[in-house]
Amino acid sequence: MLARTVGAAVHGIDAIKVEIEVSVKWGVGFMIIGLPDTAVRESAERVRCAVQQSGYDFPGKQVMVNMSPADIKKEGSAYDLPLAIGILAADEKINPERLDRYMLMGELSLDGSLRPIKGALPMAILARQLHLDGFILPRANALEAAVVNNLDIYGVDNFIDVVKFFNGDLELEPTVVDTRAEFAKAQGIFPYDFADVKGQENVKRAFEVACAGGHNILLVGSPGSGKSMMAKRLPSIMPPLTLSEALETTKIHSVAGKLPQGTTLMTTRPFRSPHHTISPVALVGGGSYPMPGEISLAHNGILFLDELPEFNRSVLEVMRQPLEDRVITISRAKYSTEYPASFMLVASMNPCPCGYYGHPKKKCVCNEYQRTHYMSKISGPLLDRIDLQIEVQPVDFDQMSSKAPGEPSSAIRQRVIAARMLQERRFKDEPGIHCNAQMTPSLLHKYAEPNAAGLEKLRDAMERMNMSARAYDRILKVARTIADLEACADVLDHHIMEAIAYRNLDRPTYMGSNIQ
């Protein structure tokens with residue numbers, strides 16, 4: 001007899017329908033065709049043992065499984081459940097009438113219990129698009145998939161319950177999640193707050209500008225000046241995720257298997273901080289079995305690179321294209337996959353190898369060659385893509401010992417949200433543009449042209465600092481954001497001056513001005 005079940009394969013951050021056809025007839029052997037990987041081929045023994053441990057007889061006949069479409073690679077152990085159900089249905093132990101109305105995915109333990117899978121959310125979205133009646137999957141993934149409305153999500157613990165469901169012996173209760181209520185409840189909960197930061201008002205201001213416009217930022221300062229400590233507080237002043245952004249972000253983490261069990265939607269912007277030993281593939285994604293990298297896991301959030309010069313130069317250079325295009329395309333001989341990568345880059349570094357160049361109290365022991373060589377680890381083209389370059393000075397004792405709390409993150413966040421709302425209205429007719437950092441040159445001419453005095457100051461700065469055309473664009477984008485924070489319709493000269501002040505590494509007097 002022939003039976004069919006419905007599953008899914010993840011490609012990029014979306015799912016593709018996989019139809020699993022099972023034929024059981026007289027003979028011997030177990031064969032799976034349709035480009036299965038090793039994990040799928042090994043499922044034969046897992047399925048056999050799970051079926052028998054659940055109290056059912058595994059057919060002592062020839063079992064042929066075809067996974068369609070046959071030209072798409074089938075990866076992972078999540079096909080165990082649809083395979084097992086299809087085999088019993090083809091052996092006439094399960095009523096096959098409703099099989100094609102439900103998507104089935106799940107890894108089977110040898111005792112028949114179901115283990116969690118990756119990519120449950122994009123699979124649930126596909127099931128709704130296919131107008132299926134429901135999606136049956138491990139209970140550990142039920143909350144994640146239940147954010148998809150107009151689709152019944154059934155979380156089950158073991159294989160026996162699924163068999164009884166299709167035979168009409170058991171009614172499964174669908175998992176129900178009030179997505180909007182859950183999303184609203186978790187908004188604004190952060191472990192760190194800028195109220196705990198003493199002093200550093202210029203850095204706080206730079207962070208506010210960066211978050212208001214989605215700009216990349218680099219912090220240069222000696223050890224202990226608070227670079228990492230302040231960077232960890234950035235999510236608390238970022239604008240909240242919209243529901244569509246939360247869904248997209250959750251899909252990426254679901255595909256990568258990074259979503260904690262019991263999670264519905266990601267409600268705060270991701271903050272990724274990879275170690276400097278990371279490889280290019282781990283950063284941008286790819287591999288034998290393509291997976292999102294750190295820049296995609298930071299999508300709609302922050303990618304924090306601490307001790308930037310310690311990263312391998314080849315790792316840093318692969319970020320240049322995603323920083324501009326906000327998407328990464330992984331092309332290999334056998335596949336081509338596209339992952340979103342719209343993140344805000346936040347980086348920190350010491351000013352020299354010993355860390356104390358420019359320190360008000362400690363003496364730097366590096367010579368000029370060592371400092372220049374250290375700074376040259378970061379290429380000029382990469383620095384050009386960083387809108388704000390800030391020097392961080394150590395906090396003195398009086399500021400550290402002050403009991404007066406700093407401005408809380410909630411107050412800064414309100415100003416950031418107000419500026420972002422202005423930008424949303426401004427770019428409502430521009431597809432793919434949501435903040436000032438994403439403006440194209442044509443939009444810069446339309447929305448960020450400075451007044452005459454500002455243009456003259458910008459011309460003078462460009463000539464003195466020998467800035468590139470990309471730095472010119474970055475200054476205009478930052479100036480537009482500063483004007484938005486003041487709710488000013490025009491870009492004035494003091495906005496330009498503040499934006500220029502955030503290009504510290506472009507100063508001719510700075511020891512890293514000869515970065516190549």
Side-chain angles (χ1 to χ4, degrees), residues 9-16 37 73 75-76 118-119 121-122 210 214-218 231 234-235 238 245 247-259 266 269-349 377-387 432 434-435 437-438 470 474:
V10 174
H11 184 72
I13 63 169
D14 296 312
I16 300 170
D37 72 345
K73 186 83 170 175
E75 301 166 352
K118 297 178 181 179
L121 180 55
H215 303 290
N216 303 321
I217 184 171
L218 171 65
L234 269 176
M238 290 282 283
E245 285 178 332
L247 188 63
E248 186 179 34
T249 305
T250 307
K251 281 174 62 178
I252 297 170
H253 286 251
S254 173
V255 168
K258 302 292 185 182
L259 203 63
M266 293 185 64
R269 295 186 181 271
F271 182 90
R272 305 294 300 182
S273 180
H275 193 261
H276 63 259
T277 56
I278 191 172
S279 69
V281 171
L283 185 69
V284 302
S288 301
Y289 302 113
M291 295 294 288
E294 287 292 333
I295 64 173
S296 295
L297 293 171
H299 180 64
N300 291 324
I302 296 167
L303 178 68
F304 177 49
L305 302 183
D306 199 7
E307 302 299 339
L308 188 65
E310 300 302 326
F311 284 78
N312 190 295
R313 183 157 180 156
S314 63
V315 172
L316 297 179
E317 293 306 300
V318 297
M319 286 198 306
R320 284 160 55 175
Q321 179 262 334
L323 282 171
E324 289 290 322
D325 299 340
R326 300 184 180 273
V327 67
I328 179 70
T329 302
I330 309 297
S331 298
R332 300 291 186 267
K334 295 183 179 179
Y335 65 85
S336 179
T337 306
E338 188 172 274
Y339 293 113
S342 181
F343 59 92
M344 179 176 146
L345 175 64
V346 180
S348 70
M349 59 181 288
K377 293 181 181 180
I378 309 167
S379 69
L382 180 60
L383 273 180
D384 266 353
R385 288 168 168 83
I386 298 176
D387 306 353
H434 304 286
C435 60
Q438 299 172 345
R470 186 177 281 113
R474 301 285 170 180

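Fair warning: this is a prediction, and the values are worked out from it, not measured in the lab. Each residue takes its place number in the sequence, starting with 1.
- In this structure, the side chain of His299 engages the main chain of Ser342 through a donor-acceptor pair within 3.5 Å.
- Remark: side-chain polar atoms of Ser296 are paired, donor with acceptor, to backbone N or O of Pro340 under 3.5 angstrom.
- The main-chain N or O of Val327 is never found under 3.5 Å from a side-chain atom of Asp325 such that the two would form a donor-acceptor pair.
- In this structure, the separation between CZ on Arg272 and CG on Leu283 is 11.0 Å, given to the nearest 0.5 Å.
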Original post:
Under the side chain to side chain contact (heavy atoms under 4.5 Å, CB included) criterion, do Ser348 and Phe304 qualify, and how do the steps go?
Top reply: CA-CA 8 Å; Ser348 70; Phe304 177 49; 3.8 Å; yes
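- Ion pair Glu324/Arg474 flagged as a salt bridge, since at least one NZ, NE, NH1 or NH2 atom sits closer than 4.0 Å to an Asp/Glu carboxylate oxygen.
- A distance of 9.5 Å separates CD1 of Ile386 from CD1 of Ile217, quoted to the nearest 0.5 Å.
- Two residues are said to be in side-chain contact when any heavy atoms from C-beta on lie closer than 4.5 Å; Arg269 and Pro235 fail this criterion.
- Rounded to the nearest 0.5 Å, atoms CG (Leu323) and CD1 (Ile295) are 8.0 Å apart.
- Results of the side-chain contact (heavy atoms from CB on, under 4.5 Å) test with Phe311 over Asp306, Leu305, Ile378 single out Leu305 as the only residue that passes.
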Original post:
When you look at Lys377 and Leu316, which way does the side chain to side chain contact (heavy atoms under 4.5 Å, CB included) test go after all the steps?
Top reply: CA-CA 9 Å; Lys377 293 181 181 180; Leu316 297 179; over 6 Å; no
Original post:
side chain to side chain contact (heavy atoms under 4.5 Å, CB included) between Met344 and Leu303: does it pass, once the steps are laid out?
Top reply: CA-CA 6 Å; Met344 179 176 146; Leu303 178 68; over 6 Å; no
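- Scanning all heavy atoms of the two residues, the minimum distance from Ala437 to His215 falls at CB-ND1, 3.8 Å.
- Residues Met291 and Val255 come closest through the heavy atom pair CE-O, 3.2 Å.
- When Val284, Ile252, Ile13, Thr329 are each tested for a side-chain contact (heavy atoms from CB on, under 4.5 Å) with Tyr339, only one passes: Ile13.
- Using modelled atom types, one side-chain atom of Asn216 and one backbone atom of Leu345 make a donor-acceptor pair closer than 3.5 Å.
- Here the closest heavy-atom approach between residue Ser379 and residue Glu317 is recorded as OG-OE2, 2.8 Å.
- Nearest heavy atoms, Gly432 versus Gln438: O-OE1, 3.3 Å.
- For the atom pair CG of Leu259 and NE2 of His253, the computed distance is 8.0 Å after rounding to the nearest 0.5 Å.
- The backbone N or O of Gly119 sits less than 3.5 Å from a side-chain atom of Ser254, completing a donor-acceptor pair.
- In this structure, Leu247 and Leu121 have side chains that are in contact, with non-hydrogen atoms separated by less than 4.5 Å.
- Of all heavy-atom pairs between Asp37 and Gly76, the closest is OD2-N, 3.2 Å.
- A donor-acceptor pair under 3.5 Å is absent between the side-chain atoms of Arg326 and the main chain of Pro322, judged by distance alone.
- Of all heavy-atom pairs spanning Pro274 and Glu294, the tightest one is CB-CG, 4.0 Å.
- Under a cut-off of 6.0 angstrom, the local environment of NZ in Lys73 is crowded, with over 12 non-hydrogen atoms contributed by other residues, nucleotides or ligands.
- One finds the CE atom of Met319 at 11.0 Å from the CD1 atom of Ile328 (value rounded to the nearest 0.5 Å).
- With contacts defined as side-chain heavy-atom distances shorter than 4.5 Å, the pair Pro290/Thr337 qualifies.
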Original post:
Would Met238 and Ile302 satisfy side chain to side chain contact (heavy atoms under 4.5 Å, CB included), going step by step from the backbone distance to the final call?
Top reply: CA-CA 9 Å; Met238 290 282 283; Ile302 296 167; 4.0 Å; yes
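- Rounding to the nearest 0.5 Å places NE2 of His276 at 11.5 Å from CG of Leu308.
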